[in-house]
Every structure is written in C-alpha cells, then in structure tokens.
Amino acid sequence: MAAHISKTFLNVLNRGSVSVVNKHHHRSVWVISSCCTRTVSSISAAEPGLTPRLSSHLHGKSYTELHELSLRDPETFWGSIAGERLTWSKRFEQVNDCDLATGRINWFLGGQLNVSVNCLDVHVARDPDRVALIWEKDEPGTEERVTYRELLEATCRLANTLKSYGVKRGDRVAIYMPVSPIAVAAMLACARIGAVHTVVFAGFSSEALAGRIQDAQCKVVITCNQGVRGGRLINLKATVDAAVESCPSVQRVLVARRTDNPISMGKLDTPLEEAMASASPECAPEPMASEDMLFLLYTSGSTGKPKGVVHTQAGYLLYASVTHQHVFDYSPGDVFGCVADIGWITGHSYVVYGPLSNGATSVLFESTPTYPNPGRYWETVQRLGINQFYGAPTAIRLLLKYEESWVKRYDRSSLKTLASVGEPINHEAWEWFYNVVGDARCPLVDTWWQTETGGICIAPRPAHEGGEIRPAMAMRPFFGIQPALMGEKGQTVTGNDVNGALCISKPWPGMARTIFGDHQRFVEAYLKPYPGHYFTGDGAYRTEDGYYQITGRMDDVINISGHRLGTAEIEDALDAHPDVPETAVVGVSHDIKGEVPFAFVVLKEKAMQEQEVVLEELRRLVATKIAKYAVPDHFLVVKRLPKTRSGKIMRRILRKIAMDQTDSLGDVSTLDDPSVVMEIIQAYKQTFRG
Ligand code: 7RM
C-alpha cells in the first residue's frame with residue numbers, strides 16, 4: 001500500500017472523476033447576493049456556487065461610493081464582507097483595533113476560523129469534484145488536475161503527518177519546493193493544524209535557506225527530491241541537506257518525489273508520500289484566532305538580512321480573496337492562471353489563498369515562458385482554457401522579442417483579463433501584452449503591491465463599469481487603501497501632477513503585522529519614516545486626474561526579473577571574500593530583467609594581479625550565499641569608493657557611473673574626496689569601453 005502510494009502519489013492526487021467546471025460567465029458587477037454567515041459546524045451543501053459579491057450591505061454601489069465608505073467606515077465595510085465571505089467557527093466581536101504609530105494592527109478580534117476550511121471544506125461541501133488545481137507541469141500536455149475533494153484529502157494526510165512528527169500550533173515549517181499540488185497541500189496542511197509555513201523560493205541557495213530556517217526556528221522542512229524546470233533537473237534535496245547541517249532546530253525533513261531518480265535518505269529524512277499514505281485522510285481543523293500567525297515570508301529590505309514578514313489569518317485571507325475576485329474580475333467557473341512561483345507573495349495570494357478561497361480552478365505553472373519554445377504561455381492558455389492570465393513584465397519583455405506568430409497561432413479567446421505584477425511595466429511591454437496577446441479585447445491591469453501589503457493595493461480594477469484603463473499604470477486604490485504621497489520634508493504632497501514617496505495612510509486587513517522576532521525593525525522600516533503612515537519604499541506620481549503611477553524603489557532595493565533583492569545582501573556576500581575589503585552594489589537597467597546588479601569592488605593589493613580569479617570567486621560566493629539570479633552582471637574593480645565625510649557610500653553617483661550617465665552626476669561637493677569620482681569614471685571607461 002505504502003509503496004504503491006509512494007510511487008504514484010502525485011497521480012493519486014489526480015484520481016477520481018474530474019468534473020466539468022461551470023463555464024457560465026457573467027460579469028461581476030457589484031451585485032451582491034446575500035448569504036448568511038456560515039460556521040464550520042454548519043457547512044451545508046445547500047448553497048450553490050459562490051456568487052460575485054462583496055456583501056449584502058454593499059449591494060449595487062459604485063466603486064467611488066464603496067471606496068469612500070471603506071475609508072470612512074472600515075467597520076461597516078470590512079465587517080460586513082468578513083461576516084459573509086469567510087466561514088467562522090466563532091464570529092468576531094470587533095472589526096479592528098489598529099495604531100499605525102506603534103504598529104498595533106488587529107482585525108476581526110474575537111473571531112476564530114481556519115484558513116484551510118475556507119479554502120477547501122466549504123467548496124467540498126458544495127461541489128467536491130470541482131477542479132481546484134491544474135498542475136501545468138514542465139512538459140506541455142502532461143498537466144494533472146486535482147479536485148477540491150482530493151486536495152482536502154491530501155491536505156489532511158499531510159497535516160496528520162506533520163502532527164505525527166510533533167508539529168503543533170504555532171510551530172514553523174519550511175517549505176522548499178517548486179509549485180506543485182503537494183506544495184499547496186503542504187501550505188494548507190500547516191494552516192489546518194495552526195502551524196506557520198515559511199515557503200522559501202526553490203532558487204535560493206542552501207545558505208539562504210539555512211538563514212531563513214534559523215531565523216524562523218523551523219521544526220520541519222518539506223521538500224522534494226528534485227525540481228524540473230525548462231527540461232532541467234534541480235537537486236533540491238541536496239540543497240536542503242546542506243542547509244539543515246547548520247539548523248539544529250530541524251527535527252525532520254519530509255521528502256516528496258517529483259522524479260523517479262534515486263535520492264539518498266539520511267536519518268532526518270522521511271519519504272512524504274509513504275508517510276501520507278499511512279496517515280488518516282481526515283484531520284479536524286484547528287480553530288485559529290484571527291490574529292494568529294498564518295505564514296512568514298522572507299523579503300529583502302535596504303539593510304540587513306531578509307525580514308520575515310508576518311501575515312495572520314483572517315485579515316490576510318479576506319484581503320487576498322476580495323482582491324482576487326474584484327481586481328481580476330474572477331467569476332465562478334473561471335480558470336485562473338497566475339504563473340508566479342509559490343516562493344513569492346504573488347504565489348501565496350494569487351495561486352493559493354485568493355483563488356482557493358473563492359473556489360476557483362488555479363493553475364500551477366511549473367515551467368518557464370520559453371520552454372520548449374516562446375509560445376508556451378499561449379499554448380497553455382489554449383489547452384487549459386485560462387480566463388485570467390497574471391504574469392510579470394520581465395517575461396513579457398522577453399517574449400515580445402520573438403515573432404508574433406508564437407502568440408497568434410494559439411487560440412486565446414478564453415482570456416478575459418490580463419494582469420501584470422512585480423515591477424513597473426514599460427509602455428512597449430504593456431502595448432504588446434494588450435494588443436498582441438489580448439487582441440485589444442481584454443482589460444490589462446497593472447497591479448501594484450508588496451510582500452508586506454498581503455494583496456493588491458493599487459490597480460485599474462475595480463472601477464466603474466467601463467472604467468478606462470491607462471496603459472502602464474496601476475491607477476486606482478483598492479477598497480480600504482488610502483494612498484498618500486510624501487515630500488522630502490515629510491509633508492503630505494497634495495494636489496495632482498505631483499511626485500512623492502508612496503505611503504498608505506490607513507491600516508487595511510491584508511497588511512503585514514510585524515517582522516518575525518523583531519517588531520522594532522517593522523516599526524523602523526515602515527512606520528517611522530512618515531509617522532502615522534505605512535511607507536512602501538516606492539516612489540509614485542499622481543497624474544493630473546488623480547491616478548497613481550509607480551516610479552520605482554526609493555531605497556537600496558533592486559528588482560531583478562521581478563525578484564526583490566537588497567543591494568546590501570549582495571554586498572555582504574561579496575565582502576565575505578578575504579581579498580575584498582569593500583564593495584558597493586547598485587542596480588542598473590536591463591531591457592529584459594528590468595534591473596541587474598552592478599558591483600564596484602575594492603581589492604586588496606595582492607589580489608590585483610589575479611583579478612579574474614577573484615571575480616570568479618565572487619560570482620560563486622553570491623550564488624552560494626544567496627542565489628544564482630543575484631550574481632552581479634557587471635563588476636568594476638576600483639581603488640576607492642566615493643564617500644561622504646561621515647563615511648557613507650554615495651550610491652547615487654555610482655549608479656550614474658554604472659549607467660554611463662556621467663554628464664548628469666549631480667552634486668559631488670559633499671564627498672570627502674571628489675577626485676575619487678574621476679578615478680572611477682576612468683576605470684569604467686577602461687573596463688567597459690576598451
Ligand atoms: C507583489 C510583489 C514589491 C516591490 C514593490 C515595487 C515593485 C511590484 C509593481 C511594482 C511597479 C507594479 N511583491 N512592484 N508591483 N512596481 N509596478 N505593478 O512584487 O515584495 O516581491 O516586491 O516590487 O517596487 O515595492 S514584492
């Protein structure tokens with residue numbers, strides 16, 4: 001029995017009948033059907049599918065009225081939505097209790113619920129054979145479907161397995177896996193028993209993984225033997241083995257099987273499918289308080305190590321759910337295709353929690369945009385009948401370089417909404433996505449948000465019916481979001497046609513609650529810069545008509561192919577080299593990746609003769625300490641770095657030099673020794689212009 005399941009678990013997930021999903025598409029305007037508050041104990045199969053709604057109180061109002069209400073009276077707005085959309089085992093008593101000055105953020109106090117019940121059991125009760133996940137595996141045409149009933153069973157088996165290894169409420173579990181049904185089951189299994197998952201992107205190195213496991217003090221790691229991407233195998237288990245050597249908190253490693261290749265199993269390791277096969281398929285959901293932790297997700301800031309951003313249960317789920325429905329115009333029966341990895345927040349909110357809470361069919365995309373050819377996305381859209389396609393500008397910029405026929409040969413008539421996330425989308429990419437992919441027929445929504453915001457905060461939808469969409473612009477704040485632009489002196493910039501630091505002035509249910517183990521750092525990073533407001537780290541422009549356009553990071557965070565990285569992290573990795581006293585990393589633009597790291601390095605005298613050797617060692621160092629994608633594309637060896645009299649490196653000047661924009665260097669008079677600038681420009685010319 002165990003052996004059988006072990007061999008075919010991923011197929012076992014797929015056994016049973018696959019229902020024909022309801023293909024009845026009606027537009028979700030703000031028609032809002034009423035429905036009573038459900039409780040875990042009274043889930044009945046009587047209710048038909050989820051109907052598009054905010055809540056019965058909010059019936060038929062316009063976007064403007066609703067947005068205004070959401071800011072003026074968040075209790076009524078979010079209270080009625082939370083009461084009707086979520087299934088509670090104990091109804092909440094207070095909608096919110098927040099103070100942005102101290103970072104006390106609480107939503108739906110007194111309430112209890114279980115996120116996995118909201119993502120699984122409620123749908124199983126109504127329509128167990130509805131497809132929850134379509135696993136679009138690396139090889140085209142080999143997709144596997146998983147129904148809600150199957151996903152619930154897998155989740156319960158995995159939850160019981162975790163319990164059998166001592167995982168309790170509040171314990172942290174690391175998940176180091178590519179997108180797959182079993183990874184989704186692992187996230188939901190944690191949610192079911194009240195454990196806290198921290199998914200680590202499977203492209204991170206063993207040291208990066210170890211750092212996160214140590215910070216979170218994870219008890220268990222869930223991984224798989226190998227990953228498969230773009231026709232290549234990635235030895236994930238080997239990376240985990242190396243990581244856990246320095247992680248004494250880890251008591252067990254659960255290893256799923258993605259490929260049939262042999263794996264060496266150590267004394268900490270357990271084959272996951274076998275353990276699940278002997279575990280019970282039922283697991284009572286743990287009732288969780290609204291503000292209990294749901295997950296940690298590490299993200300980069302401008303200084304220090306990555307921060308463990310904390311999201312909690314009810315507010316996060318509600319916000320992911322409502323944004324998923326209303327930004328993408330999701331209707332019951334739609335196949336929702338977000339091609340992000342679950343290692344990033346986009347995967348958490350719009351592959352897993354948002355779509356599943358809405359009973360959607362969510363696509364898990366394992367491959368790459370160009371495997372086996374640049375038509376992959378659109379062939380997948382045709383084959384799976386994807387209705388909403390959510391991707392990153394970097395992939396669009398890559399694909400638009402190929403012949404249009406790679407798009408046109410596939411039937412894309414299922415598409416209703418196109419959406420973009422992760423970095424600013426440039427006009428060329430927007431126009432190509434809209435015109436070539438969408439045949440100028442589907443709304444293309446540029447969605448702005450962050451790991452810390454939990455869900456989409458600024459996007460062209462919702463809007464009034466027929467609300468116009470401007471190219472390459474996130475435009476409108478979502479319900480509950482009050483953007484503010486701040487000036488250099490900390491003042492609120494009023495009026496239109498203005499720039500400023502983008503802040504959000506009121507708490508919203510999806511916002512991060514703290515940094516794991518370091519609330520002070522949370523307050524310092526987000527709440528101190530503009531007291532009374534949440535600071536995003538981004539700059540924005542408010543147009544003449546009051547729409548928002550994101551201009552990019554204002555801090556030392558760069559965005560490589562939509563992956564956020566602190567330049568300080570790369571510097572720390574480089575500085576670990578014994579021959580490197582000092583480095584400075586800046587982001588420079590790249591036509592496909594958006595930005596790439598450019599490293600200025602100072603070498604010790606003795607290393608100057610063997611520069612190439614040292615640079616190669618530096619490349620390897622960044623790959624092993626962080627990830628391959630973090631390795632700087634460019635290195636420039638310099639004698640000194642430009643510093644102010646107080647010793648701060650002036651990255652602004654380095655960025656100009658790295659971008660070859662030395663005619664607009666700006667003020668260099670605050671430098672301790674301005675002659676260093678000419679010195680570096682000379683080095684740049686010698687290295688990059690021959
Ligand atoms: C969802 C996500 C967040 C940072 C954010 C921005 C940048 C994200 C957009 C964008 C311009 C967008 N979370 N960013 N979306 N910039 N337009 N639509 O990406 O935590 O990984 O990154 O990404 O700088 O602060 S994240």
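The shown structure was predicted, so the numbers you read here are calculated from the model rather than taken from an experiment. Every number for a ligand or one of its atoms is a count from 1 in the order of the listing.
Ring to ring, Tyr316 and Phe295 are close: their centroids are under 6.0 angstrom apart.
In terms of the side-chain contact (heavy atoms from CB on, under 4.5 Å) criterion, residue partners of Arg521 (sequence neighbours excluded) are, by chain and number, Lys307, Asp518. Considering only residues two or more places apart in sequence or on other chains, Ala512 meets the side-chain contact (heavy atoms from CB on, under 4.5 Å) condition with Val309, His311, Glu452, Phe522.
Sequence neighbours left out, the pairs with a member in residues 535-560 that pass ring-ring contact (aromatic ring centres under 6.0 Å, His included) are Tyr530-Phe535.
Among protein residues, Ile345, Thr346, Val421, Gly422, Glu423, Pro424, Asp446, Thr447, Trp448, Trp449, Gln450, Thr451, Asp538, Ile550, Arg553, Asn559, Arg564 come within 4.0 Å of ligand 1, judged on heavy atoms.
Using a 4.0 Å cut-off between charged nitrogen and carboxylate oxygen, Glu423 and Arg397 count as a salt-bridge pair. Asp215 has no carboxylate O lying under 4.0 Å from a charged side-chain N of Arg172, or vice versa, which leaves the two without a salt bridge.
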